[in-house]
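As a basis for the values below, the full set of heavy atoms in this structure was taken, side chains included, without hydrogen atoms, waters or symmetry mates.
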Amino acid sequence: MGKINFLILLFAAVLCCNSCKLYKVTYSTTGASISPDVKTFSVDYFPNKAPLVVPYLSSLFTEKLTDYMRSKTGLSQLTDNNGDIRFEGQITEYSQRPIDIQKDEIAASNRLTIGIKVKYTNTKDDKYDFSSTFSNYADYSTDADFDSIEESLIIEILDKIIDDIYNKALVNW
């Protein structure tokens, strides 16, 4: 009985692998489904159009998204926004606001929020194209020295946003 179950399981696995090849979809260990036709990616510079501008934010985000794509996919990078899949857009929000207002009307925490508008183009299959705004935040204590923690908060927020962008573009959730 054990051999029959093993053979059935083996047959099912081979059938699944072959059906994936029929639909020309490649699955990776990162959860991405990338067509074998897609060989390259490009990340255009994301200018900062937020009312409050942090001078290094555009460069940091563009570099982090590029590095993420390089590390999570086997795709080659093109620098002229001419990849098979393309990311472009702009930073639209960088804001701080008090949260956790106490009964004496004093905030216990502050929230840093970053929003980024992304246009994703898949030149091999336009059904995956999108234009969306991704936003995320990090909370910090009102007792904290914002200047000393700002960069680490920005990195934390950008990491969350880049995960969301990657998931929407390549994991197709």
(message) So, using side-chain hydrogen bond (donor to acceptor under 3.5 Å, both in side chains) as the criterion, who are the partners of Glu151 when residues are at least two apart?
(response) none
(message) Donor-acceptor pair, distance only, cut-off 3.5 Å: does the side chain of Asp126 make one with the backbone of Asp129?
(response) no
(request) Using the six-membered ring wherever Trp is involved, compare the ring planes of Tyr140 and Phe146 and label them parallel, tilted or perpendicular (cut-offs 30° and 60°). (result) tilted
(message) Treating Ser152 as the side-chain partner and Ile149 as the backbone partner, does any N or O pair qualify as donor plus acceptor under 3.5 Å?
(response) yes
(message) If the test is side-chain contact (heavy atoms from CB on, under 4.5 Å), which one of Ile116, Asp159, Ile161 qualifies with Asn136?
(response) Ile161
(request) Please confirm whether the backbone N or O of Asp84 pairs with a side-chain atom of Thr40, one donor and one acceptor, at under 3.5 Å? (result) yes
(message) Could you check whether Glu63 and Tyr56, counting side-chain N and O atoms only, form a donor-acceptor pair closer than 3.5 Å?
(response) no
(message) Checking side-chain contact (heavy atoms from CB on, under 4.5 Å) between Ile114 and each of Ile154, Leu153, Val54, Thr92, which is the one that passes?
(response) Ile154
(request) Please determine, by modelled atom types, if Tyr68 and Asp163 share a side-chain donor-acceptor pair under 3.5 angstrom. (result) yes
(request) Could you tell me whether the side chain of Thr113 reaches within less than 4.5 Å of the side chain of Ser135, counting heavy atoms only? (result) yes
(request) Give a yes or no on whether Lys117 atom NZ has more than 12 heavy-atom contacts from other residues, nucleotides or ligands under 6.0 Å away. (result) no
(message) Please determine whether a side-chain nitrogen of the Lys or Arg among Asp67 and Lys64 lies less than 4.0 Å from a carboxylate oxygen of the Asp or Glu.
(response) no
(request) Indicate the atoms forming the closest heavy-atom contact of Pro36 with Lys39, along with that distance. (result) O-NZ, 2.6 Å
(message) Between Asn81 and Ser42, is there a side-chain donor-acceptor contact under 3.5 Å, judged purely by atom types and distance?
(response) yes
(request) Look at the side chain of Thr62 and the backbone N and O of Phe46, then say whether any donor-acceptor pair between them is shorter than 3.5 Å. (result) yes
(message) Using every non-hydrogen atom in the two residues, find where Ser58 and Pro47 come nearest and quote the distance to one decimal.
(response) OG-C, 3.4 Å
(request) Report yes if the side chains of Lys168 and Val118 come closer than 4.5 Å at any heavy-atom pair, otherwise no. (result) no
(request) Using a strict 4.0 Å threshold on nitrogen-to-oxygen distance, state whether Arg86 and Asp44 make a salt bridge. (result) no
